[in-house]
Each structure stands twice: as structure tokens, then as C-alpha cells.
Amino acid sequence: APLARSPGAIGAPPMAGDRICEGDGGGLLLPVFPNENSWDKKARAFMYFVALSWCFLGVSIVADIFMGAIESVTSKRRPKKLPGGRTVYVKIWNPTVANLTLMALGSSAPEILLSVIEIFANSMFSGELGPSTIVGSAAFNLLIIIAICVSSIPEGEVRKIKELPVYCVTAVCSVFAYIWLLIVLLGRSPNVVEVWEGVATFMMFPLLVLVAWLADKGYFTGGVKPDIGIGTVVSVDMSKEELAELDVQIRKEYGCDVTDEMVQKIIALRSAETRSRMHYRVAATRSMTGGKRLKGLEGPKTRMSNITDIIRKSSRRVVPVTEMVDEDTDVEQCFIEFATASYAVIENAGSVKVKVARRGCLDAEVVVKYKTRDGTAKAQNDDLSNNGDYIQAEGLLTFSPGEVEHTIEVKILDDNTYEEDEEFYVDIFEPIMMCSVMPEKRVRPKLVDNLTGKEVRVASAKVTIIDDDSAGTLLWATEETSVEETSADFDAIFEVHRKFGSKGKIVCKYETENGSAIAGTDYERCEGEVELDDGICTAKVTVKILARGRYGTSETFRVVLKDINGHGAKFDPSTDGGEDSCILTVRINADRKSMERVDKMMSHMMVRWEKAKIGHSSWAEQFSEAIHVNGGDDSEVDPTILDYCMHALLLPWKLVFACCPPTDFCGGGVCFFVSLFM
């Protein structure tokens, strides 16, 4: 039977008396009305049950606000600079510490406060509820909740514990808590909790948090932190840089043809993976009380099926770029280009031979025009009024079926005057298909630039006339260059030039070096050799640029030429690297189109995340949500009759608790303390 408070000294145990609901008995709140204990017992039992349920629902509503404040506090992030110079945003609160402290308090606050209030009301003596409110809740979580989680896994599927070291720590401490409770209540002071026992019990809590944090950091697993999946935090606090990275990850996983709308849907589904138990508790409470619904709480199996469905539907209406063809699908391509984009010739060599190559479909006869064009080197006039540097050449090149190469020979004029290196150009243009071995096959000839690989109207090769017999000097086309990131990995091509001579073969080594860009993350590390045969003045170095997802940032790395080998060959001492090497600095810039796409996606995603947000940004928003059924939710599903009834019943609670400061004030700290007090 309930115990009445003793009229004796403070600290005395309560004495027996009338029951609260009978005779002259009473408690903290009951009886409310005069002569209430004389009313019919069944009527009072029903009235008390309804009132108790109404109060519990009110507690659940303020617990919503309390947990929203906790989420606002624990979701704050700060910038962190990585060794390579890249900046990422990490949560200030360690997830394990947040789960064991604020989030545990948020999910267990009602039973904790109920026990604390009763203890103080009974002069530090436990009452009918007593510690059983907390012990019972913990036992329910330890036994029933875990049992339901295990038994609810669909047949044939597997679930793994992500943070196993932390799980082991908390599991051992959960069992030890019951053993410690037996020691306290049945040991030295039976049925009495002494001060030192209370202090020791309380100090075990920070000890648990410390040990769990050490386990989370990997101190018990050799310094190796377990892999817990996605590194990018998918939430309303996501930065544009992180969204750009996630955009690239999704396009790599599902294909570059994925539309922006599909990326947004996949991100929205993935964001549900980061939901805590608190989100699901709030969602359940709001569904019972006619509150605003939370979006994006699907289970993992549902999320995966939704993503698969998005990709499957998109494949019916999106054509990958790599599969796009010309209007005439039966037309085959024939590509004509210079074998090398740049040639060099000694002034007394007599002539230079420029090679033109064909690839692709070789079943047709193709004709292409060619003509020389002046640069700093001038062609000799017909009237011989100037000596000139070369004799102009023009004509037609005819590629017979199966023929893959032709040579254009240009005569070089020698003189006795000292000159700097000079160049002229050979152009090819207007390719025409004459006939095909197979009449039913149509072939379309195209000109291709040797450096870029792109189709052009006029393809050109540069010929440099060198005034001496030196092996030449090696240098990059430019000491600094930049490339723009794309949504897929691509090969960047950098040119090595040979100047002031081209006699003999030159070989040198090259390798990449990290700057703020890191090999394996921003580009693929590579090394090798550059070879330039006699008379060849350009070579290519290819480096693969990795699509990482950048927004408004850029990183640099270097490509270094070294260990040159060739009779008289050297590096240009006036360039970066001096006489011993030649250094090219490459800057990887964010793609402007990708940045615009990320801006649009961010604006759309903010709307989605706002609907899934627990807290509020203003009092006006809080009162508006409190007044309207389902919080004024604009979803396609209309409120049910039950929603209207529960909303009307709980409207007083909603209006009272709407007075709490919004979670956006002071990072949620003010809302935390006010809602805890309420």
C-alpha cells in the first residue's frame, strides 16, 4: 500500500495510512475535487486512466522538443584541415559520446525525472514507483528491444554491428549495472543507498563514457577504428563541398547519365541511413498526437529497393552519352589526323616528311586536301624575290581502301644567315569519301586534332626549322597549367617541347609529386619515360585526373622531368627546376557547371531536409505547427479523423510547449534546458 509522509523528523521513513484514493488518503496531486474519494471507483478509475494517458502524451510532446534540442546541439560541426590541405567538416560531438549522454538522456528523460521527483517528494525515500521506473526501462531495452531487433531480421538477410568494440563495452556495463545494484542493496547496507555508494555509482557514468570513447577511437583494437560505412554526413549541415563529393560518388556508382533529380532522390533515401533512434521515437509520437510527420524514415531494404527502382525507371528515358550516335546509325566513322602534332628539321636537311594517318573504318577510298601555311618561316615566292625558308606545297592525299598512312614532303631551303628557330604549318582539310569496297556501307571521314582528339574542320601540324645541329633543350609547353574536373575520371595530356635543336634521340624520366592534391584521391600517381626521336619536337605525358567532387576549391600537383639522356640535350635553366629538372605545376579546378548543379541541388535538398527536421527555427513556426493538424503537413495524404481527434485533445499541451525557445536559438542550448525544466 502507498505510504504517507511521516509527520516526524526529516529523513524518517514514511508511515502507513489510508490509500490515496480511499477515505482521507491523498498524494501529490490526488484528490483534485472535494469528496472525490467517495465517488464510484469504476468511474474514477476510467477518469484517472484518461488523465494519466493525457499527461503521458503531453510528456511525449515536450520530449519531442527536448530531443530536437539534443539533435541541434549534437549535430554542430567544425572545419578540419587534412594533411593535404583539404578541408572537411566533422561533428563536434563524438557520435558514441552523444549517444551515451544527451541522446540517452533525451530518450529516457520521462522515467528519470519521474523517479527523481518521487524521491525528493518522499524525503529521499523510494516510493511505489521508485527506481523500478529506470531499472524496468533498462531491462526492457536490454532484453525485449534487442530480442525484437534480432527476431525482426527477414529470413536470409544479415545485420552486422558496426561499432563492435563500443557494443562490447556497453553490453558488459549493462550487465554489471545489475550486479552492482545487488551489491549496493543487499551488501553492506541492505535496502539503503549510502552517500559513498551513490557517488560511486554516479562516477561510473563518466567512466563508461570515457571507456566507450576510447573503444570508438580504436585504442582497444590496435589503433584501428572499425569501418562504419559512408564517410560523408548526409544531413542539413552538409556543406556544398561535401554535396559535390557525394554527387560524384553517386554518379560513379550509378553512371554519369544519372540526372540531377535522380541524384537528389538517392541522397534523400541515403540520408535516412543516418537517422538515430531518437528520430524514430519522435516520428512515432507525432503520428499518435497528430503532429507534423517526419520524412525519409524508410527501412534499409525499402531504401535499396527505392534506389533500384529510380535507376531502373531512369534507364527507360535517359540515354548515356557514351551510347549516343549520329542520326544515321548505319554510318561508320573514318578519322584522319597527323601522326605527330609537331616536327623539327635542321635547316640543311633538305626536306621534312610529315606523316598523315587514318584509323577507324578502312573500307573506303578517302581523299583529303593539304597545304602549307606560313608562320615565322616564310615560303619562297614564285618570282624568287625572297630567299624564303621552305617551298610551299599543296595537293591531295588519296587513301586507298586499307591504306593507313601517307607522307607529305616539304622542301627546306638553306641559307648562310643566322636565324632563330622558325616554324610553318601543314594543314589538312575537306576530307571526302570517293568510293567504298562495300557499296551498302556508308563511311563518314572526319579530321581529328592530334593533341585534343576532338573533331576539327582543319587539322594542323607545326614544323620548326632549326638553325643548328644541337640536340636541343627540353621544357614544358607552360610552367603552370590548369585542368577542370569533370563528373568522371579523365586523362589530362601535357606537352613536352624540344627547342633549339632536334638532332638525335632524347630520353628523360618523369614522375608526379603531391602538392595540395593527393595521389590516389585527386589524381593517379604515374612515372615513366619521355622519348623524342631524331627530328621529333613534342611528346605527351598523360596523367589521370580523378573525379572527387569539388566546390570552389582547387588543388595542385607537379609533374617533374629529370635524368635527361641525349648527346648535348639539357633542360631549360630559366624554367622551374633549373638545369637539373623541369617542373610543371598542374592546378585542378572545380567544374563550373558542376558547381551550378550543386547549387541547384542544395536548394532542393534544403527543402527536403527541412521537412525531416525535428526542431524549429522560430516561434511563429512552432505555434503554426501547434495549431494545425499534422503541423500543417503538405503531404499528399490527408489527415484522418483520428488525427483531428488527437490534435483537438492535445492542443493545450501543444500551445504550452510551443513557448519553448526554438532549437535554432543559441545552437539548441536554451531549448534544451527550458524543455527539460518543463
Side-chain angles (χ1 to χ4, degrees), residues 335-347 349 351-357 359 370 372-373 375-377 390 405 407-408 410 412 420-428 447-454 456 458-481 483 491-512 526 528-543 559-572 574-577 581-586:
F335 302 100
I336 301 173
E337 61 186 342
F338 285 103
T340 304
S342 181
Y343 292 82
V345 60
I346 304 300
E347 192 176 39
S351 66
V352 60
K353 294 180 179 180
V354 179
K355 294 180 180 180
V356 180
R359 57 185 173 86
Y370 71 88
T372 56
R373 172 167 51 90
T376 55
Y390 69 95
E405 189 176 86
T407 300
I408 301 172
V410 182
I412 305 299
E420 296 289 343
D421 293 350
E422 298 174 317
E423 75 276 348
F424 67 93
Y425 301 89
V426 181
D427 298 332
I428 54 176
L447 296 178
V448 177
D449 185 272
N450 178 269
L451 290 177
T452 64
K454 296 181 179 179
V456 292
V458 178
S460 301
K462 184 172 76 170
V463 179
T464 302
I465 302 174
I466 300 171
D467 197 54
D468 56 30
D469 294 332
S470 168
T473 301
L474 283 190
L475 70 163
W476 293 104
T478 176
E479 292 186 55
E480 293 186 5
T481 187
V483 294
D491 291 331
I493 300 174
F494 309 109
E495 277 191 5
V496 180
H497 285 188
R498 181 185 194 180
K499 292 185 176 182
F500 313 122
S502 64
K503 186 174 181 62
K505 182 177 181 179
I506 294 180
V507 178
C508 73
K509 295 180 180 180
Y510 71 87
E511 65 179 6
T512 55
C526 63
E529 289 187 344
V530 174
E531 294 186 3
L532 293 96
D533 291 326
D534 182 35
I536 301 300
C537 285
T538 60
K540 301 176 185 176
V541 173
T542 302
V543 180
V559 188
V560 182
L561 300 177
K562 61 181 183 177
D563 300 336
I564 191 169
N565 185 10
H567 182 68
K570 60 182 180 180
F571 293 118
D572 189 342
S574 64
T575 61
D576 189 10
S581 63
C582 190
I583 300 174
L584 168 67
T585 300
V586 182

Which value, rounded to the nearest 0.5 Å, describes the distance between [X] atom [atom1] and [Y] atom [atom2]?
X	Y	atom1	atom2	answer
L561	L475	CG	CG	9.0 Å
N565	E529	CG	CD	9.0 Å
L447	E337	CG	CD	10.0 Å
S581	L474	OG	CG	12.0 Å
I564	L532	CD1	CG	9.0 Å
E495	C537	CD	SG	11.5 Å

* To do: Count the heavy atoms belonging to other residues, nucleotides or ligands that lie under 6.0 Å from CD of E511, then report whether that count exceeds 12.
  =>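 Atom CD in E511 is packed in, count exceeds 12.
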Report yes or no: does [X] contribute a side-chain atom to a donor-acceptor pair with the main-chain N or O of [Y] at less than 3.5 Å?
X	Y	value
T512	C526	yes
W476	F494	no
Y343	K355	yes
N450	F338	yes

* Would V463 and V410 satisfy side-chain contact (heavy atoms from CB on, under 4.5 Å), going step by step from the backbone distance to the final call? -> CA-CA 10 Å; V463 179; V410 182; over 6 Å; no
Less than 4.5 Å apart, side chain to side chain, heavy atoms only: is that true for [X] and [Y]?
X	Y	answer
S460	R373	yes
V543	V586	no
K462	T538	no

Atom of [X], atom of [Y] and distance for their closest heavy-atom approach:
X	Y	answer
V448	A459	O-CB, 4.0 Å
T340	A461	O-CB, 4.0 Å
I536	R498	O-NH1, 3.1 Å
D572	T473	N-CG2, 3.3 Å
V507	E531	CG2-CG, 3.9 Å

* Whether F424 and Y390 hold their rings parallel, tilted or perpendicular, with breakpoints at 30° and 60° ->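 Ring orientation, 0 to 90° scale: parallel.
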* **Polar contact flag, side-chain donor to acceptor under 3.5 angstrom, T464-E423** =>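 No - no donor-acceptor pair under 3.5 Å links their side chains.
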